[in-house]
Amino acid sequence: MANRPENRFESRSRARRRALQALYQWHLTGLDVGEILAQFREEQDFSNVDTELFATLVRKVSTGQTDIDEKLAPFLDRPINQLDVIEHVILSIGAYELLNSIEVPHQVVIDEAINLAKMFGAEQGHSFINGVLDKAAKQWRDPATALPFNRA
């Protein structure tokens, strides 16, 4: 039963939700990512959570935040520092996955980000997230227009 695709997809969705929460805490507190990861593992329910994806997203997004922000900037209608923290984190997770998780279809990445925005973001935040990541995916993932990028 653990190998059924819907369980795998749900465990990855849950990992993204936990990563959003951990990265939100990191943005607000500036705590060490290792401390946040340990705290989450200790205090949160990780049943049916892809713990590897969770840890990867938290570590890679936090260490690559400056690079991710630079890559997202051309698709934004305002400076990064004017984004709501939740929207910033959701866009960062989505951008990381679009750039580095090529095995995940771009529409899955965007849909997951939209779902996170509907759950945790402002009322119309999901439309903003959709627009930004859709434009980014067209440039980053479309073989006809994609430029080589550095996968970190």
Side-chain angles (χ1 to χ4, degrees), residues 1-73 75-76 78 80-137 140-141 149-152:
M1 192 151 139
N3 292 333
R4 288 180 31 200
E6 61 270 16
N7 287 343
R8 182 172 167 266
F9 295 133
E10 179 59 29
S11 72
R12 292 177 64 80
S13 289
R14 288 177 186 230
R16 290 180 183 98
R17 282 196 298 270
R18 290 281 186 263
L20 166 64
Q21 294 166 329
L23 288 163
Y24 180 78
Q25 181 176 336
W26 173 71
H27 270 273
L28 291 183
T29 66
L31 283 174
D32 177 73
V33 168
E35 286 180 46
I36 293 172
L37 288 171
Q39 176 190 351
F40 265 69
R41 286 191 181 108
E42 196 175 293
E43 298 175 3
Q44 301 287 328
D45 176 12
F46 271 83
S47 59
N48 197 25
V49 173
D50 183 332
T51 55
E52 188 177 324
L53 178 61
F54 163 74
T56 297
L57 289 173
V58 173
R59 288 189 189 283
K60 297 292 188 173
V61 170
S62 63
T63 59
Q65 190 68 71
T66 302
D67 186 49
I68 291 168
D69 288 351
E70 288 172 7
K71 286 181 167 79
L72 277 171
F75 307 107
L76 299 174
R78 58 188 172 263
I80 281 273
N81 64 357
Q82 290 181 9
L83 292 177
D84 173 77
V85 176
I86 288 286
E87 289 175 348
H88 186 193
V89 173
I90 293 169
L91 287 171
S92 297
I93 291 170
Y96 172 81
E97 287 200 277
L98 285 172
L99 291 165
N100 297 285
S101 300
I102 302 304
E103 71 283 359
V104 180
H106 73 276
Q107 198 53 53
V108 170
V109 172
I110 294 170
D111 287 348
E112 289 285 314
I114 290 168
N115 288 336
L116 288 173
K118 285 179 178 177
M119 273 189 252
F120 298 102
E123 191 171 323
Q124 292 302 314
H126 66 279
S127 297
F128 174 69
I129 299 292
N130 182 36
V132 172
L133 292 179
D134 188 56
K135 285 186 268 183
W140 296 341
R141 289 277 187 103
F149 53 83
N150 178 14
R151 286 204 224 162

Under the criterion ring pair (Phe, Tyr, Trp, His ring centres under 6.0 Å), I'd like the reasoning laid out for F54 against F46: C-alpha separation, chi angles, the key distance, then a yes or no. CA-CA 10 Å; F54 163 74; F46 271 83; 5.0 Å; yes
Close side-chain approach of [X] to [Y], heavy-atom, < 4.5 Å:
X: S62; Y: L23; value: yes
X: E70; Y: D67; value: yes
X: W140; Y: H106; value: no

Does any N or O in the side chain of R59 come within less than 3.5 Å of the main-chain N or O of V33, such that one atom is a donor and the other an acceptor?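 Side chain of R59 to backbone of V33, a donor-acceptor pair under 3.5 Å: no, none is there.
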Any donor-acceptor pair under 3.5 Å from N100 side chain to Y96 backbone: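 Here the side-chain-to-backbone pair exists.
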Once you round to the nearest 0.5 Å, how far does [atom1] of [X] lie from [atom2] of [Y]?
X: R141; Y: L99; atom1: CZ; atom2: CG; value: 8.0 Å
X: S92; Y: L57; atom1: OG; atom2: CG; value: 11.0 Å
X: I129; Y: K118; atom1: CD1; atom2: NZ; value: 12.5 Å
X: I36; Y: L31; atom1: CD1; atom2: CG; value: 5.0 Å
X: L91; Y: I80; atom1: CG; atom2: CD1; value: 7.0 Å
X: N130; Y: Q124; atom1: CG; atom2: CD; value: 11.5 Å

Residue pairs, two or more places apart or on separate chains, that pass side-chain hydrogen bond (donor to acceptor under 3.5 Å, both in side chains) and touch residues 19-31: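 Counting only pairs at least two positions apart or across chains, the side-chain hydrogen bond (donor to acceptor under 3.5 Å, both in side chains) contacts touching residues 19-31 are R18-Q21, Q25-Q39, H27-Q65.
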Is R12 paired with E112 through a side-chain N to carboxylate O contact shorter than 4.0 Å?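 Salt bridge absent between E112 and R12.
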Hey, are E87 and R78 close enough for a salt bridge, meaning a charged N less than 4.0 Å from a carboxylate O?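 Salt bridge between E87 and R78, a charged N being under 4.0 Å from a carboxylate O: yes.
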Mind listing the closest non-hydrogen atom pair of [X] and [Y] along with its distance?
X: A117; Y: G125; value: CB-C, 4.2 Å
X: V109; Y: V104; value: CG2-CG1, 3.7 Å
X: A113; Y: I90; value: O-CG2, 3.5 Å
X: L98; Y: A136; value: CD1-CB, 4.4 Å

Inspect the surroundings of CD in Q82 and state if more than 12 heavy atoms from other residues, nucleotides or ligands are less than 6.0 Å away.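 Correct, the count exceeds 12.
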Is atom CD of Q44 surrounded by more than 12 heavy atoms (other residues, nucleotides or ligands) closer than 6.0 Å?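 Atom CD in Q44 is packed in, count exceeds 12.
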Will you find, in the side chains of D69 and H88, an N or O donor that is under 3.5 Å from an N or O acceptor?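 The answer is yes; a qualifying pair exists.
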Run the side chain to side chain contact (heavy atoms under 4.5 Å, CB included) test on L76 and F128 for me, step by step, so that the C-alpha distance in whole Å, both residues' side-chain angles and the decisive distance to 0.1 Å come before the verdict. CA-CA 9 Å; L76 299 174; F128 174 69; 3.9 Å; yes
Given side chain to side chain contact (heavy atoms under 4.5 Å, CB included), test E10 with N48 step by step and report yes or no. CA-CA 7 Å; E10 179 59 29; N48 197 25; 3.5 Å; yes
